[in-house]
Amino acid sequence: MSVSLKELSKLEPRYTEGHRLCAGCAEPIIARQVLMATNKPIVVSNATGCFEVSSTVYPFTSWTVPWIHSAFENAAPTITGVESAYVALKRKGKITDDIRFVSFGGDGATYDIGFQALSGAIERGHRFMYVCLNNEAYMNTGIQRSGATGRGAQTTTCPAGSCIPGKREYPKDLTRIVIAHDIPYAAQASPHNYRDLMEKARKGFDANGPAFLNVIAPCPRGWRHDSSKTVEMAKLAVETCVWPLYEYENGKYSLTGESKRIAEGAKEKRPVSDWLKAQGRFGHLMKPQWSSIAEEIQHNIDKRWNELLKLCQI
Amino acid sequence: MAEQLVCNGDQAIAYSWKQVNPDVVAAYPITPQTIIVENFSEFVANGEVSTEYVCAESEHSAMSICIGSSAAGARVATATASAGLAFMWEVLWIASAMRLPIVMSVANRALSGPINIHCDHSDAMGARDAGWVQLFGENVQEAYDDSLMSFKIAENMKVRLPVMNCIDGFIITHALEKFLPMEDDEVKRYVGEFKPIRPLLDWKNPTTYGPFTGTDYYFEHKYQIVEAMREAKNVVKDTLQEFGRLTGRKYDMIEGYHLEDADYVVMAIGSTAGTLRYVVDQLRAEGKKVGSLKLRLFRPFPSAEVAKALEGKKAVAIMDRAISMGSTGPMFPEVCASLYNSKDRPRLCNYIYGLGGRDVRPQELAGVFDQLINGTCKEMNFMGVRI
Ligand SMILES: Cc1ncc(C[n+]2csc(CCOP(=O)(O)OP(=O)(O)O)c2C)c(N)n1
């Protein structure tokens, strides 16, 4: 997409001022990028979570497009209901506009409680894009573990103690689970590379069926980094291959952005210790007692990266 | 005049949906409701309706889809029962809070555990506080009629709340009966064109549905549902009367049988009301001054009408096909409360009966009348249970 920042800044905002998200939250950055990726009318559904509670504190709303929040676990079926109404009313000639549908959900809403509903909606082939704002924990309820939380991370339900070093499990690879549905378009993205993210969102909006966008969303509160470091943190996730940028389109995997350059040897793959050191949630891993954990995490990242390279036929 | 049909209650409801031709139907199978969505899927498959038919992966999603569709501006219907309704519980409240006129048929069935597929009202009663209008039909004809009227009630501008039309599992859902449908074009005229309010698909006038609301406004939102429910009572009454004028079938929120001069009354919801009339006839033939009262509308509860109907009676038995554990049946306290300020209150007793589809025999109901007459009924009674 050859859209310059100057041109983008002239667009009518679809998600606008007045929201109550924390300073440094990645979620509004991502949402703005996604919403700018199409000029078609959009209807949005939102799962319960930080992004929802902060953007519509009644009687105010930060949304200038039609928006619906129903519950925590049902952003996908709620928007597919909207899409079904659209299909029906179009068939009956009551609607002629070309409208797009998008859902936003946190990682808890997506990886955990809403996963069945998301899977069902994708399997049924509704035309909508689901965007996971992945801050790797339940942040809205005060930083508890989710299926997206990384191994070794501290949360309030997997604290680091003298016996247990934070979360025991690796995050589940939801993007690939979603891809296993034979979805027309899926991708992982990061807000630091807005061109890449917006291009993926555009493809998602234009896909002739369900699309899925999993976006890393650093959370200064939950990750324990300075509010000014959000975009840097997202970049670090990509540079360490903790969060590879790739897409799945027409049955083909391909790396994009920095991940592509790392795979091609044009960019350095940074060690995961850079990632761990940058965030308070991993602080305990720096103690000698847990030195092996960082190694295990590195090993797991390398394994997943190599698998991805194979899928991308590199 | 349409031809008389013979079918079961589920088929009758599917038939009513075919005539209404909703924009969206979202569905998930559960006995004894399944026939509704199966039958309807055939109408879809054969192009007899232009509905967008969504087979959800759960009841929770089916109701979520209904919420999305209805907010988007579609006329929407679904059906469920038992565990399915329980699984929807969270989202039922959201449907009413958004003032969405969703129509849902509920084939009443017991809740687990142990798992049981047969009739009682535990499912619907568990949803009684969720802000849905709740109608209970007695037979196949009423299953069909209630289904049609549900659209009119839900979409009435004074109401704009979701409506649940309930029928007894197996007793009505699966038993074949004769019934008289309306003509297709008559139904079309009756339900009319659907007029959505602030639909999501009207993107030029964007609306925010389901915002976060703190202590400063939440109460006011709930109060609006209270008001809508209050209005719903009159709307239901008018809708029933209008339907009567249209079809010659006389319905009301409560329907008495030999009530005026009765001293002893048994009150029930659903199919048991029919059996009760049969028993009343038998006992009347024996010269006993008995009558029965059928409650068709459970939410909003027609307190004043119930009080008026029962004032001055000697004793009344309230038959509940569900129980609130640790308390009484759900209808009993409603009737007690309705009569509390009456000058001439009857003695009230509660009968829990028919849980998990336990048979309800005429002689057992005659026994309830006997106990009322000879004063042996206690405040709480469990009809037919081996204690
Ligand atoms: C059924 C249900 N269970 C639990 C909650 C409480 N709850 C609200 S938001 C939330 C966490 C949201 O986390 P996530 O989806 O990761 O989004 P985030 O706020 O971190 O962006 C939880 C547990 C709820 N609203 N509904």
Side-chain angles (χ1 to χ4, degrees), chain A residues 14 20 40-46 48 52-92 94-95 97 99-101 103 114 116-124 126 128, chain B residues 21-26 28 49-58 60-76 78 88 90-91 93-95 97-98 100 102 193-194 196 198-214 216-218 220-221:
Chain A
R14 291 170 150 174
R20 272 92 151 161
K40 297 261 161 64
I42 305 184
V43 182
V44 179
S45 88
N46 210 158
T48 311
E52 166 267 325
V53 297
S54 306
S55 62
T56 62
V57 181
Y58 187 86
F60 305 105
T61 184
S62 295
W63 294 90
T64 62
V65 291
W67 180 93
I68 182 168
H69 157 252
S70 174
F72 185 19
E73 61 289 336
N74 67 356
T78 302
I79 202 70
T80 64
V82 178
E83 189 253 7
S84 300
Y86 171 70
V87 171
L89 297 178
K90 239 189 173 173
R91 186 187 301 136
K92 293 183 180 183
K94 294 185 182 175
I95 284 186
D97 302 315
I99 305 179
R100 295 288 181 269
F101 304 95
S103 277
Q116 166 196 302
L118 171 63
S119 171
I122 293 174
E123 180 267 328
R124 289 190 299 272
H126 297 281
F128 76 113
Chain B
N21 191 11
D23 300 309
V24 177
V25 164
Y28 195 79
V49 289
S50 55
T51 304
E52 186 62 16
Y53 181 66
V54 189
C55 287
E57 88 299 328
S58 74
H60 193 290
S61 286
M63 183 46 61
S64 304
I65 290 163
C66 288
I67 289 171
S69 299
S70 186
R75 179 178 265 158
V76 181
T78 186
M88 287 179 182
E90 177 198 16
V91 264
W93 293 68
I94 296 167
M98 290 185 184
L100 302 175
I102 297 164
E193 187 83 355
F194 178 59
R198 300 200 67 99
L200 285 168
L201 292 174
D202 178 11
W203 58 273
K204 286 179 186 144
N205 297 292
T207 303
T208 294
Y209 271 83
F212 169 82
T213 308
D216 46 353
Y217 283 103
Y218 181 85
E220 280 70 22
H221 288 311

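In what follows, chains carry the letters A, B, and so on, assigned in the order in which the sequence lines appear, proteins first and then strands, with residues in each chain numbered from 1. Since the model is a prediction, treat every value here as computed from it, not as a measurement. Just so you know, these numbers use all the heavy atoms, side chains as well, and skip hydrogens, waters and symmetry mates.
- Here B:W203 pairs with A:D97 under the side chain to side chain donor-acceptor pair (under 3.5 Å) rule; sequence neighbours left out.
- Looking at B:L100 and B:Y209, their side chains come closer than 4.5 Å, going by heavy atoms from C-beta outward.
- By the ring pair (Phe, Tyr, Trp, His ring centres under 6.0 Å) test, B:H60 pairs with B:F87, sequence neighbours left out.
- In this structure, chain A has a heavy atom under 4.5 Å from the side chain of B:M98, while its backbone stays farther away.
- Relative ring orientation between A:F128 and A:H126 is described as perpendicular, the plane-to-plane angle rising above 60° on a 0-90° scale split at 30° and 60°.
- No donor-acceptor contact under 3.5 angstrom links the side chains of A:N74 and B:S61, judged on distance only.
- Residue contact with chain A, scored on non-hydrogen atoms closer than 4.5 Å, is absent for B:S70.
- Taking chain B as the reference chain and counting heavy-atom pairs below 4.5 Å, the highest number among A:I99, A:T78, A:T80 is found for A:T78.
- Counting heavy-atom pairs closer than 4.5 Å to chain A, the top-ranked of the candidates B:G68, B:A74, B:G73 is B:G68.
- When each of A:A117, A:G120, A:S55 is scored by its heavy-atom pairs under 4.5 Å with chain B, the top score falls to A:A117.
- For B:I94, the part sitting under 4.5 Å from any heavy atom of chain A is the side chain, from C-beta outward, and nothing else.
- With respect to chain A, the highest number of heavy-atom pairs below 4.5 Å among B:K204, B:E193, B:R198 belongs to B:E193.
- How far CD1 of B:I102 is from CD1 of B:I65: 11.5 Å, rounded to the nearest 0.5 Å.
- Here the straight-line distance linking atom CG of B:L201 with atom CG of A:L89 works out to 6.5 Å at 0.5 Å rounding.
- Contact of B:A71 with chain A is made through the side chain alone, with heavy-atom distances under 4.5 Å.
- Proximity to chain A is absent for every atom of B:E220, based on heavy atoms less than 4.5 angstrom apart.
- For B:A62, no part lies under 4.5 angstrom from a heavy atom of chain A.
- Your options are B:G214, B:S69, B:C66, and the one with the most heavy-atom pairs under 4.5 Å with chain A is B:S69.
- Looking at B:T207, only its backbone comes within 4.5 Å of chain A, counting heavy atoms on both sides.
- Under a 3.5 Å cut-off, the side chain of A:R91 and the backbone N or O of B:S50 do form a donor-acceptor pair.
- Note: A:Y86 OH to A:R100 CZ = 6.5 Å, rounded to the nearest 0.5 Å.
- In this structure, chain B has a heavy atom under 4.5 Å from the side chain of A:F101, while its backbone stays farther away.
- Using modelled atom types, one finds no donor on one side chain facing an acceptor on the other under 3.5 Å when comparing A:T56 with A:W63.
- When heavy atoms are compared at a cutoff of 4.5 Å, B:P199 does not approach chain A at all.
- Heavy-atom distances place no part of A:I79 under 4.5 Å from chain B, backbone and side chain included.
- Atom CZ of B:R75 sits about 7.5 Å away from atom CG of B:D23, to the nearest 0.5 Å.
- Taking 4.5 Å as the limit, some side-chain heavy atom of B:V91 sits within range of a side-chain heavy atom of B:I67.
- Contact of A:S70 with chain B is made through backbone and side chain together, with heavy-atom distances under 4.5 Å.
- With a 4.5 Å cut-off on non-hydrogen atoms, B:C55 touches chain A through its backbone but not through its side chain.
- The residue among A:E52, A:K94, A:E123, A:R124 with the most heavy atom pairs within less than 4.5 Å of chain B is A:R124.
- Heavy-atom distances place the backbone of A:V65, and not its side chain, under 4.5 Å from chain B.
- The backbone N or O of A:A75 sits less than 3.5 Å from a side-chain atom of A:S45, completing a donor-acceptor pair.
- In terms of heavy-atom pairs under 4.5 Å with chain A, the best-connected choice from B:A72, B:A97, B:P211 is B:P211.
- Neither the backbone nor the side chain of A:E83 comes within less than 4.5 Å of any heavy atom in chain B.
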